[in-house]
Amino acid sequence: MTSSEIDESVIAELNRLRDSIDNIDAAVVHMLAERFKCTQQVGHLKAAHQLPPADPDREARQIIRLRELAESAKLDPAFAEKLLNFVVAEVIRHHETIART
């Protein structure tokens, strides 16, 4: 089926939903940017006080917290944990870089 064969109301609804997805993606990117601004400050504070880049206890608490938030939001908790682990790995990499400078 080509797009010319699809009902115009379906195309309009598809475009409306895709516009919403695009807006959400933009918000996610901006929220991640804000998060990384904060974690950069944490990295500088840790480096100034010779604290380790990683904090396994904090990370474990965050995983529990995010899994609970995901469940209440009807989001797969395993996905939320994977996303957090990905973000935390990047944060630790940044903290290690800051500590070396």
Side-chain angles (χ1 to χ4, degrees):
M1 180 177 279
T2 65
S3 58
S4 63
E5 298 171 327
I6 301 172
D7 185 277
E8 287 183 31
S9 66
V10 172
I11 291 172
E13 180 67 2
L14 185 60
N15 288 335
R16 184 191 69 77
L17 291 167
R18 286 178 173 165
D19 287 345
S20 291
I21 291 167
D22 291 348
N23 288 336
I24 293 165
D25 288 346
V28 167
V29 167
H30 287 284
M31 293 300 295
L32 283 170
E34 285 301 310
R35 188 186 196 288
F36 277 99
K37 285 178 189 174
C38 290
T39 60
Q40 288 290 90
Q41 293 175 23
V42 169
H44 287 287
L45 186 61
K46 284 181 171 184
H49 295 278
Q50 292 81 45
L51 298 170
D55 184 344
D57 290 338
R58 160 93 172 142
E59 293 160 26
R61 288 191 308 274
Q62 283 297 92
I63 287 171
I64 292 167
R65 180 176 164 272
L66 245 60
R67 287 185 69 92
E68 290 172 354
L69 286 170
E71 285 180 22
S72 69
K74 306 291 188 254
L75 180 68
D76 179 4
F79 171 77
E81 183 174 344
K82 287 177 193 174
L83 179 60
L84 180 65
N85 285 335
F86 179 77
V87 170
V88 168
E90 186 67 8
V91 167
I92 291 169
R93 188 180 70 76
H94 289 178
H95 289 183
E96 290 169 343
T97 300
I98 291 167
R100 286 193 298 270
T101 59

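By convention here, the first residue in the shown sequence is residue 1. Side chains are part of it too, since the values below use all heavy atoms of this structure and drop only hydrogens, waters and symmetry mates.
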Reported [atom1]-to-[atom2] distance for the pair [X] and [Y], which is rounded to 0.5 angstrom:
X: D22; Y: L17; atom1: CG; atom2: CG; result: 11.0 Å
X: I24; Y: M31; atom1: CD1; atom2: CE; result: 13.5 Å
X: K46; Y: T39; atom1: NZ; atom2: OG1; result: 9.5 Å
X: L75; Y: R67; atom1: CG; atom2: CZ; result: 10.5 Å
X: E8; Y: N15; atom1: CD; atom2: CG; result: 11.0 Å
X: D25; Y: H30; atom1: CG; atom2: NE2; result: 11.0 Å

Taking the side chain as C-beta and beyond, is there a heavy-atom pair between [X] and [Y] under 4.5 Å?
X: E34; Y: K37; answer: yes
X: R100; Y: T97; answer: yes
X: L51; Y: L45; answer: no
X: V87; Y: R35; answer: yes

For E96, which residues count as a side-chain hydrogen bond (donor to acceptor under 3.5 Å, both in side chains) partner, sequence neighbours excluded?
none
Output all residues satisfying side-chain hydrogen bond (donor to acceptor under 3.5 Å, both in side chains) with E13, sequence neighbours left out; order by chain, then residue number.
R16
Do you reckon [X] sits in the same ILVMFWY cluster as [Y], going by side-chain contacts under 4.5 Å, direct or chained?
X: V91; Y: V28; value: yes
X: L84; Y: L32; value: no
X: V88; Y: F36; value: no

Stepwise side chain to side chain contact (heavy atoms under 4.5 Å, CB included) check, N85 with I63
CA-CA 8 Å; N85 285 335; I63 287 171; 3.5 Å; yes
Heavy-atom closest pair, residues P77 and A70:
CA-CB, 3.9 Å
Minimum heavy-atom separation for G43 to I98, with atom names?
O-CG2, 3.7 Å
Ignoring hydrogens and angles, tell me if any N or O in the side chain of E59 forms a donor-acceptor pair with the backbone of D55 under 3.5 Å.
yes
All salt bridge (Lys or Arg N to Asp or Glu O under 4.0 Å) counterparts of R93, not counting sequence neighbours
E90
